[in-house]
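One structure is given below, encoded as structure tokens.
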Amino acid sequence: MDLTPDMFGPNGLFSTTSLTNAINVIPNEYGRLQEIGLFGEPRGIATTTVVIERRHGKLNLLSTKTRGEPAPANERGKRDAISFVVPHIPLDDILKAEDFQGVRKFGSANELEPLQQKTMEIQESMAKKHFITWEFHRIGAMSGKVLDADGSVIHDLYETFGITQKVVDFKLGTAGTAVRTKCLEVSRHIEDNLLGETMTGVRGMASPEFFDKLIEHESVKDAFMYHSEATDKLGGDPRKGFKFGGITFEEYRGSAGALNSDGTTTTRRFIAAGDCRFFPEGTQETFTHHCAPGDFVETANTLGLPLYQKAEPGKMNRWIDFHAQSNPLFLCLRPEILVRGHSSD
């Protein structure tokens, strides 16, 4: 296949529009939070920052007065605005002629691999790395701290909003612990801090260590056994959707490799060992996903898309350079409703 300029033009196979449209319809197979729709649909913005305006409403009891007596002045809630810079996540790849010259097409006995097929493989590979990164950012926002691949902090929502993180020690190693009461403590804290927001329930994403301790506790073991037997009959996984104390518990095992500055790779667990992260489900405006415009001249000041991809021929058409980028901002606008659970014993 000749790499003519038309292939990279506005309507060509490797145009920004064609590649971007294709990459945004690839199924996102990575991420439990994406699956349950916690952050809703991505919202395109035309800027590289997001300003969140908050109104601190104040509710107080009103005293009765004698008719004709002056009424007290109304105390209005204060407003403030917080700005967040949208993270920029770029990724490059290169396809050389030698990478597919004479290579047999997958699943074929004698058909050579076409350029278009190799292009799609690269495109999907790059997209999936963005998808798993999004899940890492979602978990971060759901936990109150959005982290970068190297573990550094991108956005500390607790610090930004001036909130102290709520932590509940479940003491699952103690036989007499009232685990149901601990669950109620979590739910009550979330309910008290919704401040007009709605929810349909509370979910806890638990590390395997926390989950194992939970289902082995004397006050939980029987409930999990009955749940497990019922789930097994339906062919499901009892680790997903176990409800106890009004909370839906689920084991979360998400992890991915991250490249360090020295070239080594570290496997990062999205939820730390021994932790359980609690959050409300069914909210309206608490969890958001914003997409900033791509870092290209033609996309400046346009509404951002979840993913962008570009390709251009190298010197003398000896290779093709690929570039994919996303500019996502995942936020929890009410970090006071987030609860960290753990067990100190």
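Worth knowing before you read on, the calculation uses all heavy atoms, side chains too, and leaves out hydrogens, waters and symmetry mates. If you're wondering where the values come from, they're calculated on a predicted model, not measured in any experiment.
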Query - Electrostatic pair Lys240-Glu250, nearest N-O below 4.0 angstrom - result: no
Residues pairing under salt bridge (Lys or Arg N to Asp or Glu O under 4.0 Å) where one sits in residues 181-201, two or more places apart or in two chains, turn out to be Lys166-Glu185
Any non-hydrogen side-chain atom of Ser344 less than 4.5 Å from a side-chain atom of Lys171? yes
Interatomic distance, SG@Cys183 vs CD1@Ile247, rounded to 0.5 Å, equals 4.5 Å
By salt bridge (charged side-chain N to carboxylate O under 4.0 Å, His left out), Glu35 pairs with (sequence neighbours left out) Arg32
Here the gap from Cys276 atom SG to Phe210 atom CZ, rounded to the nearest 0.5 Å, amounts to 4.5 Å
- Query: Can you find a pair of side-chain heavy atoms, one from Arg253 and one from Glu251, that are under 4.5 Å apart?
  - Reply: yes
Backbone N or O of Ser219 within a donor-acceptor pair of the His217 side chain at under 3.5 Å? yes
Mark yes or no for whether Thr177, through its side chain, and Thr174, through its backbone, hold a donor-acceptor pair below 3.5 Å.
yes
Only one of Met205, Arg203, His137 passes side chain to side chain contact (heavy atoms under 4.5 Å, CB included) with Met142, and that residue is Met205
Sorted by chain and residue number, the salt bridge (charged side-chain N to carboxylate O under 4.0 Å, His left out) partners of Arg268 (sequence neighbours excluded) come out as none
Residues at least two apart in sequence or cross-chain that pass ring-ring contact (aromatic ring centres under 6.0 Å, His included) with Phe249, listed by chain then number, are Phe278
Hits for ring-ring contact (aromatic ring centres under 6.0 Å, His included) against Phe224, two or more places apart or cross-chain, chain-then-number order -> Phe211, His227, Phe242
One should read off an interatomic distance between Phe161 CZ and Cys332 SG, to the nearest 0.5 angstrom, of 8.0 Å
| message | Please determine whether side-chain contact (heavy atoms from CB on, under 4.5 Å) holds for the pair Ile154 and Phe330, giving the CA-CA distance in whole Å, both sets of side-chain angles, and the decisive distance to 0.1 Å. | response | CA-CA 11 Å; Ile154 298 176; Phe330 294 96; over 6 Å; no
task = Indicate yes or no: at least one non-hydrogen side-chain atom of Asp169 is less than 4.5 angstrom from one of His342.
result = yes
For residues 283-295, the salt bridge (Lys or Arg N to Asp or Glu O under 4.0 Å) pairs (sequence neighbours left out) are Arg43-Glu285
Quiz item: Is Thr160 close to Phe84 at the side-chain level, that is, under 4.5 Å between some pair of heavy atoms?
Solution: yes
Applying salt bridge (charged side-chain N to carboxylate O under 4.0 Å, His left out) to Asp156 and not counting sequence neighbours gives Lys145
Residue pairs passing the salt bridge (Lys or Arg N to Asp or Glu O under 4.0 Å) test with at least one member in residues 335-345, sequence neighbours excluded, are Asp275-Arg340
Flag side-chain contact, heavy atom, 4.5 Å: Phe131 against Lys129 = no
inquiry  = Counting C-beta onward and ignoring hydrogens, is there a side-chain heavy-atom pair between Asn327 and Gln325 closer than 4.5 Å?
reply    = yes
Value for CG (Leu333) from CD1 (Ile337), rounded to nearest 0.5 Å, stands at 9.5 Å
Taken in chain and number order and not counting sequence neighbours, the residues that satisfy ring-ring contact (aromatic ring centres under 6.0 Å, His included) with His323 are Phe296
All heavy atoms of Pro293 vs all of Tyr308, minimum pair found to be CA-OH, 3.8 Å
**Asked** Does CD belonging to Gln165 count more than 12 external heavy atoms closer than 6.0 Å?
**Response** yes
Side-chain touch Tyr226/Thr231, heavy atoms, less than 4.5 angstrom = no
Inset, instruction - Starting from the C-alpha separation in whole Å, work towards a yes-or-no answer on side-chain contact (heavy atoms from CB on, under 4.5 Å) for Asp321 and Asp92. - result: CA-CA 7 Å; Asp321 287 311; Asp92 289 331; over 6 Å; no
**Prompt:** Do side-chain atoms of Asp150 reach the backbone of Ser152 as a donor and acceptor pair under 3.5 angstrom?
**Reply:** yes
In Val146, Val86, Ile45, Thr49, the residue satisfying side chain to side chain contact (heavy atoms under 4.5 Å, CB included) with Leu329 is Val86
Heavy-atom side-chain contact between Leu95 and Phe322 under 4.5 Å
yes
Rounding to 0.5 Å, atoms CE (Met199) and OG (Ser187) come to a distance of 6.0 Å
By salt bridge (charged side-chain N to carboxylate O under 4.0 Å, His left out), Asp237 pairs with (sequence neighbours left out) Arg239
With sequence neighbours left out, the residues meeting ring-ring contact (aromatic ring centres under 6.0 Å, His included) with Phe287 are Phe39
For residues 212-224, the salt bridge (Lys or Arg N to Asp or Glu O under 4.0 Å) pairs (sequence neighbours left out) are Glu216-Lys221
To the nearest 0.5 Å, atom CZ of Arg334 lies from atom CD1 of Ile163 at 10.0 Å
